[in-house]
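Structure, as structure tokens:
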There are 2 protein chains.
Amino acid sequence: MNAIANTRVPFEILTAPQLDVPNDGRPVPLSFFNAGSEIYAQGEKVASHYQIEFGAVRIYRLLADGRRQITAFHLAGETFGFEADLAHHFFAEAIVTTGLRTFRPVAGLDRSRELLPLALRCMVRAQEHLLVVGRQTAVERIAAFLIDMADRQGELAQIELPMSRQDIGDYLGLTIETVSRVLSRLRDKGVLKFHGLRILEICKPETLRSMCE
Amino acid sequence: MNAIANTRVPFEILTAPQLDVPNDGRPVPLSFFNAGSEIYAQGEKVASHYQIEFGAVRIYRLLADGRRQITAFHLAGETFGFEADLAHHFFAEAIVTTGLRTFRPVAGLDRSRELLPLALRCMVRAQEHLLVVGRQTAVERIAAFLIDMADRQGELAQIELPMSRQDIGDYLGLTIETVSRVLSRLRDKGVLKFHGLRILEICKPETLRSMCE
DNA sequence: CGCTCGCTTGATATAGCTCAAAAGCTGTGG
DNA sequence: CCACAGCTTTTGAGCTATATCAAGCGAGCG
């Protein structure tokens, strides 16, 4: 159903500046991932976590017949991948070319204090998303998604969607056709304007906000 | 749409044995909640967390028009309520008469280390539940739910559902009628047997398991 | 220039919802 | 112990939002 790219990008460079959370005191290398390449797979036993320097990442799960649910998108600045207790429970892929800092677990260094707030925020996000997917209509889901993206990109009227319609559908529990139809309808109503397929302008933010329920 | 009981049970007793996670070294009181009574509300600023001694709890969110999404059920032995950073993001209610240990935050006592694994498990559960609600059919959702309940009650063939059909529907993103119809269909197929409305026996666990997809 | 791939649009099908009514439980009072 | 009231659950009939299937479109690329 969904083509899953399996190219793991091999190269790593060691030049970039160090971040707040030191990896054992040594500089944290920046790794690059091509669009569609896998960052980690479900079942993998590496308990690293990752901070996005630039780009975007999708976290997802699959059913045996290929149905996919994207549980989260992560954008620049966000941290992900800490759901591994023994092994990862999800897949993570770069959506576009993405640069990541990898924080490997260090013996004797307990990161609970830093990770707990991140885990909580992630849990709350997932549970809030359940309300969207479980109880909202297609229009409400799309509206909620667009507002969320706008908020995360700093409340700009112009937002950039790094992900495809398929990704949006798999995130919201809709088909690609429904996503497309709803977006077209919002465009026709003058709520949105398209500047290219993946850049769109929210012309009537209030209308959009009122559609979330 | 769903009547929300607002009776907060006032009484508290101080006799019960102490648990693993001491509340500042003092014994943790056991509080009782009647069926339907509120444990905490969305927006509340008390950052306690709770361990269930007996009974069952639902965590949920509401839309303005009354649509409800239950994001989690918690059973005896489980801990919940730690999603409050500044304020709770959800409502918590007792489903049946429930006894809780309340752990209040204690200045200078950092519980990150204990809470992180709980938060992670809870996050993974929520994200896995997203796949069920976002991408599975009614039958698959019910099957997944029943298997989950059976697993959590110790793999017994006989399981007890403390929650109503409405609760199950609001957890799985289905209407009460669909829940009822699917359960009836599973009964007619000989997969389930009812011993009273809320006690049921899984006669063909393998068939049920194969329905999760 | 023509292919490919992602997107849009249209027509039709259907799973699950809504509305309605009947059938079981549970508790209360006589 | 029975009868009745107020629930929750089940069942039925018809409807609708969204999925599915199918065709066209347009931008990017060799």
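Throughout, protein chains are lettered first and strands after them, A, B, ... in sequence-line order, and every chain is numbered starting at 1.
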Look at the side chain of [X] and decide which nucleotide, out of [options], has an atom nearest to it.
X: Glu177(A); options: dA11(C), dC17(C), dA22(D); result: dA22(D)
X: Leu174(A); options: dA19(D), dT8(C), dT20(D); result: dA19(D)
X: Arg181(A); options: dA11(C), dT9(D), dC7(C); result: dA11(C)

In whole angstrom, give the distance that lies between atom [atom1] of [X] and atom [atom2] of [N].
X: Ile176(A); N: dT8(C); atom1: CD1; atom2: P; answer: 8 Å
X: Gln166(A); N: dA19(D); atom1: CD; atom2: P; answer: 11 Å
X: Phe194(B); N: dT10(D); atom1: CZ; atom2: C1'; answer: 10 Å
X: Leu161(A); N: dC7(C); atom1: CG; atom2: C1'; answer: 13 Å
X: Arg135(A); N: dT18(D); atom1: CZ; atom2: C1'; answer: 16 Å
X: Asp170(B); N: dC17(C); atom1: CG; atom2: P; answer: 11 Å
X: Arg185(A); N: dA17(D); atom1: CZ; atom2: C1'; answer: 10 Å
X: Gln136(A); N: dA17(D); atom1: CD; atom2: C1'; answer: 15 Å

Within a 6.0 Å radius of atom CZ on Arg152(B), are there more than 12 heavy atoms belonging to other residues, nucleotides or ligands?
yes
Identify whether any heavy atom of [X] sits under 4.0 Å from a base atom; if not, whether one sits that close to sugar-phosphate; answer base, sugar-phosphate or nothing.
X: Gly169(A); result: nothing
X: Arg187(A); result: sugar-phosphate
X: Ser180(A); result: base

Taking the basic N atoms (NZ, or NE/NH1/NH2) and the acidic carboxylate oxygens, is any pair closer than 4.0 Å for Arg68(B) and Asp167(B)?
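Yes, charged N to carboxylate O under 4.0 Å.
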Between Asp148(A) and Arg125(A) (salt bridge meaning N to carboxylate O under 4.0 Å), is one present in this structure?
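Looking at Asp148(A) and Arg125(A), the cut-off is met.
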Most 5' of Val139(B) and Met163(A) on DNA chain C, judged by nearest nucleotide
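Final value for this comparison: Met163(A).
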May I ask you to evaluate whether [X] reaches the phosphate of [N], defined as a side-chain N or O under 4.0 Å from OP1 or OP2?
X: Thr178(A); N: dT18(D); answer: no
X: Arg198(B); N: dT9(D); answer: yes
X: Arg165(B); N: dT10(D); answer: yes
X: Ser184(A); N: dT9(C); answer: yes
X: Thr175(B); N: dG16(C); answer: no

Step by step, work out the ring pair (Phe, Tyr, Trp, His ring centres under 6.0 Å) result for His129(A) and Tyr171(A).
CA-CA 9 Å; His129(A) 191 45; Tyr171(A) 178 63; 4.0 Å; yes
Could you check whether Phe32(A) and Phe54(A) have their ring centres less than 6.0 Å apart?
yes
